[in-house]
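Accompanying notes for the structure given below.
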Amino acid sequence: MSDISKIIESQNAFFRTQKTKDVNFRLQLLKSLKAEIIANEEAIYTALHKDFKKSEFESFISEFGLVISELNLAINNLRKWAKPKRVKASILTFPSSDYIYKEPYGTVLVIGPWNYPFLLTMEPLIMAIAAGNTVVLKPSELTEHTSLLVSKIIDKVFSSEIATTVLGGIDVATELLAQRWDYIFFTGSVPVGKIVAKAAAKHLTPVTLELGGKSPCIIDDTANLKLAATRIVWGKFLNGGQTCIAADYLLVHKSIKADFIEILKTEITRFYGNNPKASRDFPRIINKRNTERLAKILKDTNVVFGGEIDINDSYISPTIVDSPRLDSPIMSDEIFGPILPILSYETDKDLEEIIWNFEKPLAFYIFSKNKRFVENTINKFEFGGGVINDLLIHFGNHRLPFGGVGHSGMGAYHGKLGFDTFSHEKAIIKRGNWIDPPIRYAPYSNKKFTILKKMFKWFG
């Protein structure tokens with residue numbers, strides 16, 4: 001038996017002890033996790049800087065702060081979330097009291113990504129534990145320093161039969177996916193998401209896939225161009241552009257495109273200076289391989305700003321590409337880097353032809369003051385979630401579901417929705433014994449049938 005099989009067997013055995021179904025037990029685990037994360041705050045910033053050259057400010061706003069907020073939310077609301085919810089009974093089940101019980105799935109596999117290696121491993125872990133599951137977490141092998149720190153934190157807080165990490169690359173992920181789990185939560189690319197879904201299907205394992213895609217951002221001729229440029233530069237180049245919900249490309253109305261490009265250039269310089277490589281606020285690409293990938297798709301494009309590349313430093317400057325062909329490499333797949341293609345449009349038909357050229361995206365953004373245009377566009381296109389007149393911020397509201405549709409993912413989480421994701425809703429009816437209407441019992445008569453049809457008409 002492999003080490004991974006032994007871990008799963010141990011977690012399955014512990015789950016059957018029923019200890020994780022005790023809300024007090026879960027709360028103590030979450031409080032201990034919070035204390036350990038806070039104790040390691042500076043170490044978390046250091047690890048993220050070593051992996052990305054990420055600033056403390058950006059590490060806090062996009063990783064540490066969100067994790068602490070999610071922990072606080074779970075700790076403060078867990079008793080309410082876990083309590084059986086009474087629902088209205090049906091006349092067909094009268095007399096009864098009807099409930100939904102929140103039940104943990106069991107042993108959960110969480111596979112985390114490299115782009116936000118602390119946030120996107122800890123957040124699903126928190127909600128899986130809050131829901132009463134045991135967890136095996138596989139952080140990304142690409143973020144060596146952060147993944148090692150995540151492993152140390154989890155080992156300090158949890159016994160391995162409750163939660164543990166498994167470090168390693170593709171071979172380890174392959175072995176993990178070959179096992180039988182009660183739930184799989186994966187964040188990463190579309191190609192790997194298909195592999196995860198195939199592995200889960202073998203055992204009929206429920207799965208959440210948080211993927212990505214080419215998320216568009218429309219800027220029409222009514223938008224506040226200066227404000228739009230400021231917000232787009234922030235949202236696109238946060239984390240060096242390595243954000244699954246970053247705007248992958250812009251669709252700018254033809255009448256304002258030239259002016260908008262100039263404003264974008266000014267804002268990028270205001271953010272990061274004339275030499276972004278020297279800026280403490282501009283992160284690096286995760287590794288040389290991804291830097292080379294980005295450099296390759298920049299070839300033979302019309303770079304109108306930026307384009308500086310240092311493979312050895314995993315650096316690509318904030319870059320604007322004007323009017324790439326839809327069949328070019330830069331428009332073929334999700335960019336996942338600090339490169340911003342800009343296309344132009346004049347009519348709604350132009351938008352349809354471009355956006356429907358791609359799979360359904362994870363995110364969708366519109367900058368406009370035209371309410372009719374905004375509403376029509378929101379209703380026309382399918383996507384995971386979106387923002388009007390800003391980027392990314394829908395991720396920050398725990399009351400909103402976060403997840404994709406189609407190729408950009410399946411399932412959603414965040415806040416209570418995260419708790420619900422890792423909980424099976426068990427339907428329970430507690431039937432009363434003080435009366436037992438005889439209509440459902442044989443022998444069936446025409447009179448009973450007439451009464452039955454009337455009941456369905458009145459109460460159905």
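Residue numbers count from 1 along this sequence.
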More than 12 non-hydrogen atoms from neighbouring residues, nucleotides or ligands closer than 6.0 Å to [atom1] on [X], yes or no?
X	atom1	value
K380	NZ	yes
R180	CZ	no
E144	CD	no
F57	CZ	no
R280	CZ	no

Show the nearest heavy-atom pair for residues [X] and [Y], with the distance to one decimal.
X	Y	value
A412	E210	CA-OE2, 3.9 Å
G273	P276	O-CD, 3.9 Å
S62	K54	OG-NZ, 3.4 Å
N115	E63	O-OE2, 4.2 Å
I75	L27	O-CD2, 3.6 Å
Y45	S59	CD2-CB, 3.7 Å

Between [atom1] of [X] and [atom2] of [Y], what distance do you get to the nearest 0.5 Å?
X	Y	atom1	atom2	answer
H394	L400	NE2	CG	8.5 Å
L238	T243	CG	OG1	5.0 Å
L30	R26	CG	CZ	9.5 Å
C244	Y116	SG	OH	7.5 Å
N133	Q11	CG	CD	10.0 Å
I8	F15	CD1	CZ	14.5 Å

Going by atom types only, do [X] and [Y] share a side-chain donor-acceptor pair under 3.5 Å?
X	Y	value
T222	S368	yes
N24	R79	yes
H49	E56	no
K34	N72	yes

### Query
Are the side chains of E267 and K226 in touch, meaning some heavy atoms are under 4.5 Å apart?
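In short, these two side chains touch, coming nearer than 4.5 Å.
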### K53 and D313, any side-chain heavy atoms less than 4.5 Å apart
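Side chain of D313 against side chain of K53, heavy atoms only: contact under 4.5 Å found.
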### Task
I would like to know whether Q242 and I286 meet side-chain contact (heavy atoms from CB on, under 4.5 Å); could you show each step before the answer?
CA-CA 9 Å; Q242 298 161 112; I286 184 60; 3.8 Å; yes
#### Entry: Intermediate values then yes/no, salt bridge (Lys or Arg N to Asp or Glu O under 4.0 Å), E9 and K6
CA-CA 5 Å; E9 185 177 274; K6 290 177 182 177; over 6 Å; no
### Near-ring test F185/F422, centroid separation under 6.0 angstrom
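Yes - the distance between ring centres of F422 and F185 falls below the 6.0 Å cut-off.
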### Task
Carefully, step by step, assess I378 and E375 under the rule side-chain contact (heavy atoms from CB on, under 4.5 Å).
CA-CA 5 Å; I378 288 172; E375 288 302 315; 4.3 Å; yes
Name the atoms and distances for all side-chain donor-acceptor pairs under 3.5 Å in residues 354-366, with sequence neighbours left out.
| from | atom 1 | to | atom 2 | distance (Å) |
| --- | --- | --- | --- | --- |
| Y365 | OH | I245 | O | 2.5 |
| Y365 | OH | L392 | N | 3.4 |

### Message
Ring-plane angle category for F60 and F64, please: parallel below 30°, perpendicular beyond 60°, tilted otherwise.
### Response
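F60 vs F64 ring planes: tilted.
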